[in-house]
Amino acid sequence: MINIVDKEIKSFLSSINGIDESVLSIINEKYSTTISDDLKNGHLTSNVCMVAASILNLNPKDLAKELEQKLKKLNKFQEIKVAGPGFVNISLNRKDFVSIVDEINNNKEKFGESNLGNGNKIQIEFVSANPTGPLHVGHGRGAAYGDALARILTKTGSIVEKEYYINDAGRQIDILTASVITKLIQKDLGNFSAQNTYKGKYIEEIGIAFSKEKVVTYKEPKLIINNLPGDAEEEIDQLISNLKEMDKKIWNEVKDFSLKNILNLIKQDLENFNVNFDNWFQESSLGDLQDPNSQISSLINKLKEDDKAYEKDGALWLNTDVSGDDKHRVLIRDDGRATYFASDVAYHKNKVDRKFDTLINIWGADHHGYIKRIEASIEALGSNKEKLVVKLVQFANLFKDGKKVKMSTRSGEFFTLKDLIKDIGADAARFYYLSKQADQHLDFDIDLAKSDSKENIFYYIQYAHARIISLEKKFNENNQGKKIGSITTENIAYDKYDKLIHEISKYPNIVKKSAQTLQPHLIIFYLRDLSQLFHSYYNDNHVLSESEENMKSIIFCLSAVRQTIANGLTLLGISPMQKM
RNA sequence: GCGCCUGUAGCUCAGCUGGAUAGAGCAACUGCCUUCUAAGCAGUGGGUCAGGAGUUCGAAUCUCUUCAGGCGCGCCA
């Protein structure tokens, strides 16, 4: 029906005196005809007259009255009204209004799909936590957000690939390896423990697992920790180089084992969180500068050839002016080693070469200062920085027993994602992660997520779904073999569930908007509103004591509500509950 | 100092590509369980949308500015 209205509006606009093409297209761009927020404003509403009036310097109400007359002549609507500052509100004939219920029950889980993305190839890279320990609650937010985005974008017609970038090449991994080895031979080292090693229990567990396969012994272990510098950073670097020197074989074996072990932990956590990646990209696969055929070498060569990189003070720099970065960035240090940034540029070159239309990077908000230099590198690679969309995810503060849970990765005192899932379940965790805009601080209240009050929106929505399932079940038991059929337009006081029908008809737009703005939380708020309307209806109307005809119609309608809630939850990666 | 984000009811937050009397939950107060799940429903009170200025027929929404809070500003990763 919206299409019919819009077609009429377009012909109305072009009939306005003295209007030209360019003005027309501006108006078309800006106005919208939508399902009204509230039924009191009709079923459909358009702000076209106010938009047109402001551009053409006309009176919006007069314009609206003209449009009203034109729409009335069509004879397709129950009522047209001009309201407020110049809205045109349209009430549909009942048959048209309730047709959405048939549509939903026919399309089922496909309801809400669209071709908004038009087959756009999108890559979403997210989580990408350093493989130096289990995922913590901060990573969980990025995981929930990225995965929900992937689902939403897929549902709206994009082709999405989910990728995890594994930082398996840098100093972090050396520190991990050193942590495992020193823990493993702690006794031989006289209970020594370097300041900057990882201290979590998982370090010990990896060591024990390794020692079951191989015995780690050094001829003169004390030499490993002989004369270590006092500074924490220098200490760990010296320790790493000592260990490598003493026994390169053991070092490499422990390193590979630890990395593999931790990646398994991470994959397991993500699996339990219902997050799956299409691709795991290893930083190490980019190679190193010593290998002239490696990806990182060819990147550097390309940047040099294209005059995007230059040498200064013995280092190689990338000119990042195009993106408005406040200074140029080093790619290769004066000692010949590549920076982390260089790897990242090589990684983004790899992404660009894979011909995605859009690259979405989901980063922790503390990385926002990094955006401009990556944008600049995309431009330097001859691509367009608009292709890259960086979404920042703010940290989540965890509250338990009314107190903020302190977290510190190094010390190993942190609340892991695994702990959270064990505590409240993957679905509730995902729900609360997504309940607020990703780029804003989130106070994650574990007690609330477990509470059984209306304040716990997760259960409030699930409860609506479960209640409808239960009604359907009871109806089917009492009316075996009878088909629910379709919604009747007669013999029932519709106004009681008109609000529900109106609300579910908004759903496809909500999904589109959440895809366009990359904001899954819109779906959560929508589901809460829909659930609220359902609970209210449920309380006021005893469905199962209606006449058989009415009951069929009502159950048919409620099935559509159930389907919509289920579709919304699924979009967020949450399983709808069958009973509670 | 520079950059990014935030400031809406006592609390937690929606609304922000300008539009209809600024919404919801919690908390406070009043009601509703012999009937489909009370993890529910109905109602009352509660707001200078941080302050100021501007653009506009119209501003919580856009611009400027002040104040307050968070984060980021390495040849670290």
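Letters A, B, ... are given to chains in the order of the sequence lines, protein chains preceding strands, and every chain is numbered from 1.
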Donor-acceptor pair (no angle test) under 3.5 Å: [X] side chain, [N] base:
X	N	result
A/Asn89	B/A20	yes
A/Asn539	B/G40	yes
A/Thr45	B/A20	yes

Set of side chain to side chain contact (heavy atoms under 4.5 Å, CB included) partners for A/Ala346, sequence neighbours left out: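 A/Leu286, A/Ile296, A/Leu299.
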Would you mind classifying the nucleic acid contact of [X] as base, sugar-phosphate or nothing, using non-hydrogen atoms under 4.0 angstrom?
X	answer
A/Phe341	nothing
A/Asn130	sugar-phosphate
A/Asn167	nothing
A/Asp344	nothing

Between [options], which nucleotide gets closest to the side-chain atoms of [X]?
X	options	answer
A/Arg467	B/C13, B/A38, B/C75	B/A38
A/Ser470	B/A77, B/C41, B/C36	B/C36
A/Val330	B/C36, B/C75, B/C41	B/C75

Check nucleotides 69-71 of chain B against the protein and report each pair of N or O atoms closer than 3.5 Å, with its distance, or say if there are none.
{"unit_1": "B/G70", "atom_1": "O2'", "unit_2": "A/His441", "atom_2": "NE2", "d": "3.1"}
{"unit_1": "B/C71", "atom_1": "O2", "unit_2": "A/His368", "atom_2": "NE2", "d": "3.2"}

Separation of the C1' atoms in B/U66 and B/A22, to the nearest angstrom: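 Those two atoms are separated by 25 Å.
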Rounded distance in Å between the P positions of B/A9 and B/A42: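 Comparing P positions in B/A9 and B/A42 gives a spacing of 24 Å.
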Set of residues satisfying salt bridge (Lys or Arg N to Asp or Glu O under 4.0 Å) with respect to A/Arg562, sequence neighbours excluded: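 A/Arg562 satisfies salt bridge (Lys or Arg N to Asp or Glu O under 4.0 Å) with A/Glu472 only.
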Residue list, salt bridge (Lys or Arg N to Asp or Glu O under 4.0 Å) with A/Arg329, at least two apart or on another chain: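 Checked A/Arg329 against salt bridge (Lys or Arg N to Asp or Glu O under 4.0 Å); matches are A/Asp325, A/Asp326.
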Ignoring backbone atoms, establish whether [X] has a side-chain N or O less than 4.0 Å from OP1 or OP2 of [N].
X	N	answer
A/Lys327	B/C75	yes
A/Tyr460	B/C41	yes
A/His521	B/A24	no

Pair partner, B/G18 [Watson-Crick or wobble, under 3.5 Å]: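 Looking at the geometry, B/G18 pairs with no nucleotide.
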Under 3.5 Å donor-acceptor, A/Ser294 side chain and A/Asp288 backbone: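 Yes, the answer is positive, given that a donor and an acceptor are paired below the 3.5 Å cut-off.
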Close N or O pairs between protein and nucleotides 17-19 of chain B (under 3.5 Å):
{"unit_1": "B/G19", "atom_1": "O6", "unit_2": "A/Met50", "atom_2": "O", "d": "3.2"}

Selection: residues 318-325 of chain A, any non-hydrogen atom under 4.0 Å of RNA chain B: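 Output list: empty, so none.
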